[in-house]
Amino acid sequence: GQQLNQSPQSMFIQEGEDVSMNCTSSSIFNTWLWYKQEPGEGPVLLIALYKAGELTSNGRLTAQFGITRKDSFLNISASIPSDVGIYFCAGQLGGAQKLVFGQGTRLTINP
Amino acid sequence: ETGVTQSPTHLIKTRGQQVTLRCSSQSGHNTVSWYQQALGQGPQFIFQYYREEENGRGNFPPRFSGLQFPNYSSELNVNALELDDSALYLCASSLDSIYGYTFGSGTRLTVV
């Protein structure tokens with residue numbers, strides 16, 4: 001079935017550093033979503049992208065919907081300890097219902 | 001505005017048994033989707049219900065079934081449990097499946 005390739009799988013950074021992660025697909029999506037999941041919780045929506053080329057920010061988070069509609073990236077600036085967690089990208093086709101998730105990027109921050 | 005609530009939070013079942021998981025959707029949401037998340041993986045789509053009808057299904061066998069009720073709450077039923085069914089089961093609700101999904105905290109199912 002459809003799969004999203006998310007990279008890197010894990011990141012170990014120092015507090016205050018910037019973070020960049022991306023997601024690629026062999027299929028086109030009409031919506032890209034970025035979620036964060038913490039232990040014992042469900043994914044929480046961070047940013048939603050609805051148009052190719054769209055660049056959207058949410059505080060220190062910035063995400064872009066790739067022009068080809070087959071990729072997206074998420075940047076986190078000036079990381080803080082509460083940014084720790086697993087970040088998932090998800091794609092959704094127009095008119096379809098399901099979200100297709102990547103494998104996740106586990107972010108660890110050293111204070 | 002209440003979020004998505006799932007019950008129970010944890011469950012241990014024996015191989016071959018049947019299990020029912022429950023989900024109350026966020027107020028105003030008419031679409032409920034269920035996902036299975038194995039350890040260390042991203043969530044995998046099981047199926048979705050829209051206004052009490054199944055509206056899309058992932059690559060899961062028929063022993064995974066569901067219901068949506070008039071108040072838009074939902075159940076996931078799994079028959080003949082297998083060890084590989086051990087996972088976090090997530091429920092997500094949305095309005096018309098186009099405005100983003102709100103996830104519950106999940107039910108951790110362990111099959112022994």
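Here is how names work: the chains are called A, B, and so on, in the same order as the sequence lines, proteins then strands, and each is numbered from 1.
Using a 4.5 Å cut-off between heavy atoms, A:L99 touches chain B through backbone and side chain atoms alike. Within the 4.5 angstrom heavy-atom criterion, only side-chain atoms of A:Q37, from C-beta onward, approach chain B. Residue B:F47: no heavy atom, backbone or side chain, is found under 4.5 Å from chain A. Within the 4.5 angstrom heavy-atom criterion, only side-chain atoms of B:Q37, from C-beta onward, approach chain A. For B:I46, no part sits under 4.5 Å from any heavy atom of chain A, backbone or side chain.
No continuous path of ILVMFWY side-chain contacts below 4.5 Å connects B:F60 to B:L67, so the two sit in separate hydrophobic clusters. Residues A:L74 and A:L107 fall within the same hydrophobic cluster, defined by Ile, Leu, Val, Met, Phe, Trp and Tyr side chains chained together at heavy-atom separations under 4.5 Å. Under a hydrophobic-cluster definition in which Ile, Leu, Val, Met, Phe, Trp and Tyr are linked whenever side-chain heavy atoms come within less than 4.5 Å, directly or via other members, A:L61 and A:I13 are assigned to the same cluster. No chain of hydrophobic side-chain contacts below 4.5 Å, direct or via other Ile, Leu, Val, Met, Phe, Trp or Tyr residues, connects A:L45 to B:V32.
Counting non-hydrogen atoms of other residues, nucleotides and ligands closer than 6.0 Å to CG of B:L39 gives a total of 12 or fewer. Within 6.0 Å of CZ in B:R15 there are 12 or fewer heavy atoms belonging to other residues, nucleotides or ligands. The number of heavy-atom neighbours closer than 6.0 Å to CD of A:Q9, taken from other residues, nucleotides and ligands shown, is 12 or below. Under a cut-off of 6.0 angstrom, the local environment of CZ in A:R106 is sparse, with at most 12 non-hydrogen atoms contributed by other residues, nucleotides or ligands. In this structure, A:I80 places its CD1 atom where more than 12 heavy-atom neighbours from other residues, nucleotides or ligands lie under 6.0 Å away. Within 6.0 Å of CD in A:Q14 there are more than 12 heavy atoms belonging to other residues, nucleotides or ligands. Counting non-hydrogen atoms of other residues, nucleotides and ligands closer than 6.0 Å to CG of B:N59 gives a total of 12 or fewer.
The NZ atom of A:K98 lies 11.5 Å from the CD atom of B:Q48; values are rounded to the nearest 0.5 Å.
Contacts between residues 104-112 of chain B and chain A, counted as heavy-atom pairs separated by less than 4.5 Å, involve B:G104, B:S105.
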Checklist entry - Passes side-chain contact (heavy atoms from CB on, under 4.5 Å), B:F45 versus A:F101? Steps please. => result CA-CA 9 Å; B:F45 176 73; A:F101 282 85; over 6 Å; no

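Ring centers of A:Y35 and B:Y101: at least 6.0 Å apart, outside the cut-off.
Taking each heavy atom of A:P43 and B:L90 in turn, the nearest pair found is CD-CD1, 3.8 Å. Nearest heavy atoms, B:G42 versus A:F88: CA-CE2, 3.4 Å.
Contact tally against chain A (heavy-atom pairs below 4.5 Å) for B:C91, B:G56, B:P43: the top residue is B:P43.
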